[in-house]
Amino acid sequence: MSAPVPRIPVPHTASAPYTVRGMNVTDHRFTVPLDHAAPDGESITVFAREYSDAALPAARVRELPWLLYLQGGPGGKGSRLLQFGGWTKAASKHFRILMLDQRGTGLSTPADRQTLALRGDSAAQADYLTHFRADSIVADAELIRRALGSGPWTTYGQSYGGFCTLTYLSYAPEGLRGSLITGGLAPLTDPADRVYEATFGRVAARNAEYFARYPEDRDIVTRIARHLDSVPEFLPSGERLSVRRFQMAGSYLGGNTRVDGLHYFLQEAFVPTPDGDRLSDTFLETMHGLVSRASNPLYALMHESIYGQGEATNWAAWRVLQSHPEFEPAAAEPLFTGEMVYPWYFDEDPALVPLKETAELLAKKTDWGPLYDTARLARNTVPVAAAVYTDDIYVDRDLSLETAAAVKGLQVWESGDFHHDGIADDGEAIFNRLLGMVRGGDA
């Protein structure tokens, strides 16, 4: 972070509370600086939604401490709850939950192909987006905490939300009472290349596990790839589906239950037509939902920048991929890739094509500031508990444990029972376990 979090008053509006299926809900909007180092400059809006248990008396709710949920991503908006369940059911017994739309997402001032065009040329857009990393998100959170009149609060970070938590612990630990992290211990000093070397190894292993579980799918995947080489198939948005884009269906591999969804998806791939077997409308519709970044373009634009500290990331995943020919679209038996981002996304996804030059400038940026203060983390006093998943294909277990060892007092619960989306499987139990560990540290 280039400057301390400014202690300025934050304009804040809140909706009248309303009730949804046993939840009291209040919408909050905060006006914060675009650049926290220049608090008198341009401002943006950050949105957050408050949830509490409607069965509790209003006086009791006001007494509850706050829990800030830091969403995965980057580029993901806060969860839109329709009722309490999973980890939110557990959390609502102890906290008022604040779901944050991180800057640029959801109802916070949006950043996408439509709105970024208002900034001017690609250089202006890239400069604007340099203020959309974890350091700015943490600075937003601190201003919001004070605007709500909260003392130090508890944070829960899933995936990228865990990365943000480490930034929070580095630069504003005075705002934290305790922190919970699931699948989100970022490497503190390593370049993005090391991250992706580990990631591709785990994704390859997960492919092997999948095809051992569903051996018939090996032939189906190869058949689809070779079909796409020779037969034009088009997604509902109009662009031709490439083999490398089809390989992005490997996003299913990051979950316990979703991995079986991949099998069901592949079963519906082909249908007979007067022109021979073609990919079904059902398959193409689902495929479009998997590969389009229309709803979260910041994921593609900012993904590698979350590792950028003092050097260019320069399309690290794409460079590392070149030494893993088993992932090549032309491989005899091509493997699924994961959620990594490659430069060709900005050639093939209509939501990203207008942002290609902006993405190139961000990839080449060499002067990214630090995201973590390793000395401060080494003397951390905030209670922190983190779930590390042994076979997580997106946040490597070994790198996670290195980070855990570098944060004083951070307690690790390692589990081989879950994958990256563990909170979707048994969020209530995972949350309660981590909360118990943190409360043992007086959170």
Side-chain angles (χ1 to χ4, degrees), residues 1-3 5-6 10 29-39 41-48 68 70-78 100-144 157 159-168 170-172 184 186 192 293-309 312-313 341 345-346 351-352 354-372:
M1 188 179 293
S2 56
V5 178
V10 178
R29 287 175 171 82
F30 307 87
T31 302
V32 303
L34 169 66
D35 180 355
H36 285 278
E42 181 180 353
S43 61
I44 60 173
T45 297
V46 172
F47 175 86
L68 174 69
L70 295 168
Q71 177 78 10
K77 62 186 178 184
L100 178 68
D101 282 358
Q102 295 169 10
R103 50 173 55 201
T105 75
L107 292 174
S108 296
T109 300
D112 55 32
R113 66 178 177 86
Q114 296 171 300
T115 64
L116 286 171
L118 296 170
R119 306 301 307 183
D121 62 14
S122 298
Q125 294 175 26
D127 181 67
Y128 178 71
L129 291 173
T130 61
H131 303 296
F132 284 71
R133 298 204 306 160
D135 51 356
S136 296
I137 293 168
V138 167
D140 291 343
E142 272 298 274
L143 293 181
I144 289 169
S159 189
Y160 176 62
F163 292 30
C164 294
T165 302
L166 292 168
T167 302
Y168 215 144
S170 294
Y171 296 109
R293 290 296 174 192
S295 65
N296 60 343
L298 286 183
Y299 183 90
L301 279 165
M302 304 301 295
H303 190 75
E304 290 197 354
S305 79
I306 68 178
Y307 302 108
Q309 298 186 92
T313 56
V341 173
Y345 276 27
F346 296 85
L352 299 178
L355 302 170
K356 180 179 176 66
E357 290 185 19
T358 302
E360 289 287 351
L361 290 171
L362 291 170
K364 294 175 181 176
K365 181 177 172 62
T366 58
D367 58 349
W368 292 114
L371 291 168
Y372 313 110

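Contact check for L371 versus S170: no side-chain heavy atoms found under the 4.5 Å cut-off. Proximity of R293 to L298: side-chain heavy atoms (C-beta onward) are nowhere separated by under 4.5 Å. Side-chain contact check for Y299 versus Y160: every heavy-atom pair is 4.5 Å or farther apart. Considering only heavy atoms from C-beta on, S122 comes within 4.5 Å of L361 through its side chain. Counting heavy atoms from C-beta outward, T105 and N296 have side chains that stay 4.5 Å or more apart. Between F30 and L143 the shortest side-chain heavy-atom distance does not fall below 4.5 Å. The shortest distance between side-chain heavy atoms of I144 and V46 falls below 4.5 Å. No side-chain heavy atom of W368 sits under 4.5 Å from any side-chain heavy atom of Q309.
Figure legend: R119 and Y128 shown as a cation-pi pair, the cationic atom lying under 6.0 angstrom from the six-membered ring centre and within 45 degrees of its axis.
Salt bridge E357/K364: absent, no basic N to carboxylate O contact under 4.0 Å.
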(request) Run the numbers on Y171 and T167 for side chain to side chain contact (heavy atoms under 4.5 Å, CB included), then give the verdict. (result) CA-CA 6 Å; Y171 296 109; T167 302; 3.8 Å; yes
(request) Check step by step if side chain to side chain contact (heavy atoms under 4.5 Å, CB included) holds for F346 and L301. (result) CA-CA 9 Å; F346 296 85; L301 279 165; 3.9 Å; yes
(request) Take I137 and R103, measure what side chain to side chain contact (heavy atoms under 4.5 Å, CB included) needs, and give me the verdict at the end. (result) CA-CA 7 Å; I137 293 168; R103 50 173 55 201; 4.3 Å; yes
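With hydrogens and angles left out, the side-chain atoms of E142 and Y168 include a donor and acceptor closer than 3.5 Å. Side-chain contact of D135 with H36: a donor-acceptor pair under 3.5 Å is absent, judged by distance alone.
The aromatic rings of H303 and Y307 stand perpendicular to each other, their planes meeting at an angle above 60°, with 30° marking the opposite boundary.
Between the side chain of Q102 and the main chain of P74, no donor-acceptor pair closer than 3.5 Å is present.
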